[in-house]
Novice: 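So that we are looking at the same thing, I have put the structure below in structure tokens.
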2 protein chains.
Amino acid sequence: MSSLRIHRNSPGPGVAELGMVEAPEAGHGCRVCLVRHLAVCTALPADQASALEQLTGDTRLHAGELLAREGDLRRYVFTVQTGALRRTRTLADGRRLVAGFLMPGDYIGFSSATHYRHTIEAITDSTLCAVSHEGMRTLCATYHGLEHELMQRACIELDATRDKLMALARMTPPERLAGFLLDMVQRRQRQGLDDAVVALPMTRTDIADYLGLTIETVSRCFTKLRGEGLIATPDPHTVQLLDRKKLELLAAAA
Amino acid sequence: MSSLRIHRNSPGPGVAELGMVEAPEAGHGCRVCLVRHLAVCTALPADQASALEQLTGDTRLHAGELLAREGDLRRYVFTVQTGALRRTRTLADGRRLVAGFLMPGDYIGFSSATHYRHTIEAITDSTLCAVSHEGMRTLCATYHGLEHELMQRACIELDATRDKLMALARMTPPERLAGFLLDMVQRRQRQGLDDAVVALPMTRTDIADYLGLTIETVSRCFTKLRGEGLIATPDPHTVQLLDRKKLELLAAAA
DNA sequence: CGGCGCGTTGAACACCCTCAAACTAGGTGG
DNA sequence: CCACCTAGTTTGAGGGTGTTCAACGCGCCG
């Protein structure tokens with residue numbers, strides 16, 4: 001099905017049936033996880049890192065590779081460590097939706113379905129931490145703080161998704177783009193990165209399918225925001241936020 | 001703030017500070033709850049109904065009354081017992097979104113925010129079961145099955161909200177309406193009601209703001225579906241599904 | 001060089017929105 | 001009983017906005 005590749009550092013129970021298991025990755029471990037402060041694992045006591053490590057495996061994807069295909073059986077949940085992925089769905093006639101972009105610290109696994117409802121593919125080379133559903137159940141049963149943390153995050157994601165409804169239903173194209181850029185910069189800040197410049201790893205097509213527009217309209221909106229001095233685009237995948245106040249006004253439709 | 005009115009059957013701890021508490025309602029209790037099989041409370045053991053009753057209070061709203069206003073402090077979670085409500089957000093310039101309709105069995109409380117992000121108002125006379133956040137924490141700490149059930153429902157709602165993204169971003173007006181009607185009939189089935197006729201308690205304006213359209217476009221879509229023999233509308237608030245297969249094809253864009 | 005993927009820009013069109021009016025149903029009061 | 005009002009829905013006509021179609025520019029790579 002998917003081109004899933006797993007690097008494991010220690011062969012733990014519950015994930016032994018994984019296909020394509022490769023040699024362990026030197027230097028890997030939850031104790032040195034770069035996104036631990038962002039990930040759901042923060043809910044676990046620090047001295048339980050080794051318990052966690054026994055259940056986790058790394059997944060590495062190159063740009064363009066699939067983590068999952070719509071309809072695949074869901075067997076693992078993931079935390080994005082590095083890179084960027086997109087969650088997409090495509091209709092029979094080709095209409096496509098990008099339901100979201102997945103960045104370091106994001107959790108992939110909030111769904112009630114047994115099978116994937118979206119295709120998830122790497123935009124850039126990415127690494128993820130994988131835990132089987134059984135492993136997750138075990139962890140939740142042992143550490144109730146984890147289930148609570150998951151609940152908290154599911155609510156955050158629900159709030160964010162409801163915000164997107166407003167954008168798609170009632171916001172104009174420039175307003176949607178402004179909101180998108182501010183979202184992206186906020187995620188950078190979460191990672192402790194510079195907040196004046198945004199790197200957009202995705203293509204204009206991805207942005208269009210995310211904002212419910214066409215690539216032409218997205219391109220024209222970039223041009224418009226640039227013309228108004230709100231942003232600068234040294235290259236198509238780099239955006240500088242020149243006037244954040246106005247962008248926020250635009251995005252909030254105040 | 002809101003015109004919240006609480007009927008209590010037994011003065012339990014944790015909700016005593018409620019304003020506008022009225023006389024207890026005869027015959028009320030979790031044991032006779034009409035939506036218990038639909039509600040999150042299914043996760044609690046049946047013999048614990050009395051423990052639950054001590055924490056719950058009834059809220060009754062007349063059509064048009066508010067359960068909460070955007071920005072209000074969130075102090076309770078609710079389960080809809082009867083009636084119908086809408087969850088809305090309005091921009092400064094009047095653009096409105098109906099983020100969802102709340103029907104019997106629905107849980108109101110999946111949010112990470114301390115304050116309401118939407119206004120919630122009764123479309124028809126409605127009754128809800130209210131539990132304070134503290135009460136909910138107590139219950140979750142005692143019955144882990146409840147937290148798990150909540151998690152499950154949060155995931156279901158997340159899946160449904162993501163589906164709505166696709167509708168708003170890429171579906172045509174008739175497709176959105178077909179999907180909406182099928183959603184509504186599915187909720188009726190959940191309550192064990194007739195599945196050939198749908199009652200639409202909300203106005204065309206509500207539907208329009210839910211589907212990201214104007215009332216005129218919604219009205220024209222009704223006319224179109226009627227003209228194609230897919231539905232009949234004896235009156236504006238009653239819809240018969242004449243050709244469910246075609247409606248499903250339309251809604252799925254197959 | 002030539003091909004390709006991606007982004008931008010221009011022109012014409014189509015669709016939904018805006019504006020306007022008619023119609024219905026329900027409620028009030030003369 | 002009818003006039004009158006209001007709220008909600010439907011239908012029509014015209015205009016605006018995003019889409020569609022097309023062309024061009026750019027960087028990359030064989």
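Every chain is numbered from 1 and lettered A, B, ... according to where its sequence line falls, protein lines coming before strand lines. Only heavy atoms go into these numbers, but all of them, side chains included; no hydrogens, no water, no symmetry mates.
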Novice: Within this structure, what is the NE2-to-P distance between A/H237 and D/dG27, rounded to whole angstrom?
Specialist: 13 Å
Novice: Within residues 210-228 of chain A, find the residues that approach DNA chain D with a heavy atom at under 4.0 Å, and present them sorted by residue number.
Specialist: A/G212, A/L213, A/T214, A/E216, A/T217, A/R220
Novice: Please determine if B/R170 and A/D93 form a salt bridge, counting it only when a charged side-chain N lies under 4.0 Å from a carboxylate O.
Specialist: no
Novice: Under the side chain to side chain contact (heavy atoms under 4.5 Å, CB included) criterion, do A/L165 and B/L165 qualify, and how do the steps go?
Specialist: CA-CA 6 Å; A/L165 291 181; B/L165 290 181; 3.7 Å; yes
Novice: Is the closest basic N to carboxylate O distance between A/D209 and A/R86 below 4.0 Å?
Specialist: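 No, this pair does not count.
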Novice: Salt bridge (Lys or Arg N to Asp or Glu O under 4.0 Å) with A/E216: which residues, sequence neighbours excluded?
Specialist: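 A/E216 satisfies salt bridge (Lys or Arg N to Asp or Glu O under 4.0 Å) with no other residue.
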Novice: Tell me if a side-chain donor or acceptor on B/R74 pairs with a main-chain N or O of B/S111 at a distance below 3.5 Å.
Specialist: yes
Novice: Between the side chains of B/R96 and B/T88, does any donor sit under 3.5 Å from an acceptor?
Specialist: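 There is no such pair between these side chains.
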Novice: Spell out, as yes or no, whether a donor-acceptor pair under 3.5 Å connects the side chain of A/T161 to the backbone of A/E157.
Specialist: yes
Novice: Heavy atoms from C-beta onward define the side chain here; which of D/dT9, C/dG7, D/dG18 lies closest to that of A/P173?
Specialist: D/dG18
Novice: Take the protein atom CG of A/D235 and the nucleotide atom C1' of D/dG25, then report the distance between them rounded to whole Å.
Specialist: 16 Å
Novice: B/R170 has an atom CZ; how far is it from atom P of C/dC15, in whole Å?
Specialist: 16 Å
Novice: For DNA chain C, what residues of residues 197-207 of chain A have any heavy atom nearer than 4.0 Å?
Specialist: A/T203, A/R204
Novice: Determine, step by step, whether B/M166 and A/L91 satisfy the side chain to side chain contact (heavy atoms under 4.5 Å, CB included) criterion, reporting the C-alpha distance in whole Å, the side-chain angles of both residues, the deciding distance to 0.1 Å, and the verdict.
Specialist: CA-CA 10 Å; B/M166 177 56 111; A/L91 299 181; 3.9 Å; yes
